[in-house]
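Let me begin by presenting the structure, written as structure tokens, before commenting on it.
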Amino acid sequence: MTITVSTITPVYCGEKYLVELLDKVDDIRQEWASSSSPLHLVEAILVDDGSIDNSAKVLKALSKKYPWVTIVTMSRNFGQHSATVAGICHSSSDWVVTLDEDLQHQPQDIDILFQAQAEHQADVVYAAPIGAAHGNSWRDRSSHWVKKVLARMSATPQVRMFNSFRLIRGPIARAAASSSSSQTYLDVAISWFTNCAVIAPVELIDDRYIKDKQSGYSFIRLANHARKLMVSSSFDIASKVMLIGLIAIFFSAFLGIAAIVMKIVTPGSIQIVGWVSLISVISLLSGVIILLLCIILEYVGILVTNQLGKPTFFTIDRSNDGLLRDWYLMRDE
Amino acid sequence: MNLSVHELDLSTDRAVVVVGLGFIGACIEGHLRAYQRQGVDVKYFPVDWETAKALGDKILSLCDSNSYTTIDIIWSAGKGGFSSGNAQMKQEFDYFSEFLLTISQVRGTKLIINFLSSAGGLYEGSGYVRSIDQLTLCRPYAKWKHKQEKILQNSSIPSRIYRISTVYGPSNNDNRRGLINTLIRGAKTGETVTISANQNTLRDYVFNTDVARQILRSIIESVPYSVQLLASGRSVSIDMLKNIVARATLKDVRLSYNSNSENDRDITFNRSLVAFFAPPTSLEEGIPLSTKFFDLN
């Protein structure tokens, strides 16, 4: 019984790294084949995302050298997530591994991801960097805080795990990728299909950023990335704010009743005529407006969620997981 | 069943006969018109499934009454499907055998058979197909199709065999619509489509125009006699198809699933096995084209 694996790599300016990357992917492919592993790396899909250097030429040469390399060429630069989505939509394996072009993610660490999967029977395994991947920069810190805040605000605690070096069960990857729209954050889409995600500590060092200060991401791009993450994650703000509206309505009712009672029982106690009524009416109208806006927001939220591609249900077959677990147990013995 | 005879506008006297103008045959026949000799009409003849000798004699009479140096016969005939039993498929096999026997008597004209076989049937349940010989032959349909291939290869008539994956595309044929056209129709009419498979089952879908062009190019360029796998090299799940169709039609596709473990097995082809000269049409392009055709007809 074979468990097939595909790797997906979006390529933008990777001409310096691609040869070494594919050589290392070939190493792990050979290692699995020679160790009688049930894992079989059947394809490496490289997505040319409108590359700005000689990556296209390098990719063509690599596809001739390695018959299991497939090149998908985008019509223009769409961005890393879109390129990853395109790559996943061209995959056909039991498991999909996404990794970056610049060797920040070492192909030999794919085995670590699989070990974590075997141990926890997870559907998704995210690499968790040991230390700061970008050299303790503002980028690492801001990424950490954005994810922390979003994990709290949204119903998706998986947000904190998100990383572009990931192992995803094939059907879930393809379902998430194919249902995503251009504004959907891929990992949020994955979380719609499974909450069975774990992390695997892996050494991740972005040499390209640390040494050359080069990155495919400018500040604006990163901000746009965070915006997409926020938009895709569902926040339960409407129902919380609706509570404020209800409180305002009850407060106005309470004020109104209190004013009437005071007028009857102690008529002289109200000094400023009309003040209580005014506050009561303002409170009532504000509460009603907030309530109506929240109801509208709920409907808009449902429409946006549907547009983003959230499914009603999804079925999966995990019956082959035992095979991988048994193999790793046997290997460790 | 019908057959059409096309006289090609090429340097030598050549004709192409399409036997069976069903979903794929009709598409091939449509593309052949681009190569039709000026002033010569396409001839159509009805043939039945009772007497293969009559069909064979028809071909022989074409050879005798015209000065064709070569006649390429595109065999896209077949009544059977995946659920066909042994009896029906044997009848089809016997018909084909008798036809081959009849036309083997030809003199003077070179006959070449371009046989349309089924990759979906022959490789069903293979999972990831690494080699063109990795056949499974699970069903009677597949076994008898393979027998037809074998008898053809063992005959004296040169042949090209095209193992075609699941075909989709614009079609007026309501009888054998295929999954994708059924999904498009379901989206447009609001009907719920019942799928006898798992939503994650992977299949390779190939556009009918790509198939037609490949076969015609193989004929016109006299490609060596061989077995060609005509698949896109990119498998998709039913769930993915549903999403692509929904985007193309701007409507929801309502699906219900009738679990059938026989249909749950993936079929994925290694891209290096695919024989297309030109990159196949992507689903993102082919499905909107099919949708447009549906809207116009």
Side-chain angles (χ1 to χ4, degrees), chain A residues 1-6 33 40-45 63-64 66-75 85-95 123 169-182 184 189 192-193 306-320, chain B residues 123 125-131 134 165 183 192 195 197-205 231-248 250-259 261 263-274 279-280 282-285 287:
Chain A
M1 181 88 203
T2 312
I3 298 172
T4 54
V5 181
S6 298
H40 183 71
L41 204 153
V42 294
E43 60 187 356
I45 299 172
S63 68
K64 288 195 170 87
Y66 297 118
W68 39 267
V69 166
T70 298
I71 313 299
V72 174
T73 307
M74 308 281 266
S75 57
V85 163
I88 293 173
C89 286
H90 282 77
S91 72
S92 49
S93 301
D94 299 319
W95 288 91
D123 292 327
R169 198 179 289 274
I172 288 175
R174 283 183 286 276
S178 69
S179 58
S180 298
S181 73
S182 60
T184 311
W192 294 335
F193 292 85
N306 281 344
Q307 177 59 29
L308 289 172
K310 196 170 184 177
T312 310
F313 72 92
F314 189 73
T315 60
I316 196 72
D317 176 11
R318 297 188 177 100
S319 57
N320 284 338
Chain B
Y123 298 103
S126 296
Y128 192 85
V129 179
R130 290 181 187 81
S131 150
Q134 192 180 318
S165 189
L183 292 179
T192 301
I195 308 284
N198 184 289
Q199 69 181 135
N200 297 323
T201 303
L202 292 172
R203 289 281 186 278
D204 188 301
Y205 299 91
S232 71
R234 174 200 172 194
S235 293
V236 292
S237 64
I238 288 164
D239 198 61
M240 290 169 77
L241 269 185
K242 184 193 82 171
N243 291 328
I244 300 172
V245 169
R247 279 200 198 98
L250 300 176
K251 289 180 191 284
D252 273 340
V253 181
R254 298 195 187 105
L255 294 181
S256 73
Y257 295 92
N258 181 7
S259 185
S261 59
N263 289 340
D264 279 355
R265 292 166 288 191
D266 297 343
I267 309 173
T268 307
F269 299 104
N270 185 306
R271 278 183 187 85
S272 63
L273 299 176
V274 172
S282 68
L283 285 165
E284 285 78 7
E285 186 186 345
I287 288 178

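Each chain gets a letter, A, B and so on, in the order the sequences are listed, and its residues count up from 1. Below, each value reflects all heavy atoms present in this structure, side chains not excepted, and no hydrogens, waters or symmetry copies.
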Side chain / backbone / both / neither for [X] at chain B, heavy atoms under 4.5 Å:
{"X": "A:I172", "answer": "neither"}
{"X": "A:S179", "answer": "both"}
{"X": "A:T2", "answer": "side chain"}
{"X": "A:T4", "answer": "side chain"}
{"X": "A:S63", "answer": "neither"}

**Report entry** Heavy-atom pair count under 4.5 Å with chain B, highest-scoring of A:P67, A:S91, A:A177, A:S92
**Finding:** A:S92
I'd like to know if the side chain of [X] reaches the main chain of [Y], judged simply by a donor and an acceptor atom lying under 3.5 Å from each other, with no hydrogens or angles considered.
{"X": "A:E43", "Y": "A:T70", "answer": "no"}
{"X": "B:S165", "Y": "B:D204", "answer": "yes"}
{"X": "A:R174", "Y": "A:S93", "answer": "yes"}

Report task. Sort B:T268 into side chain, backbone, both or neither according to what part of it lies under 4.5 angstrom from a heavy atom of chain A. Result -> side chain
Report task. Decide, yes or no, whether a salt bridge links B:R234 with B:E284 under the criterion of side-chain N to carboxylate O below 4.0 Å. Result ->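 Looking at B:E284 together with B:R234, the answer is yes, because their closest N to O distance falls below 4.0 Å.
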**Report entry** Test side-chain contact (heavy atoms from CB on, under 4.5 Å) applied to B:N200 and A:I316, step by step
**Finding:** CA-CA 8 Å; B:N200 297 323; A:I316 196 72; 4.2 Å; yes
Requested in this report: Please round to the nearest 0.5 Å and tell me the distance separating atom CE of B:M240 and atom CG of B:L283.
Outcome: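 Atom-to-atom, B:M240:CE and B:L283:CG are 8.0 Å apart.
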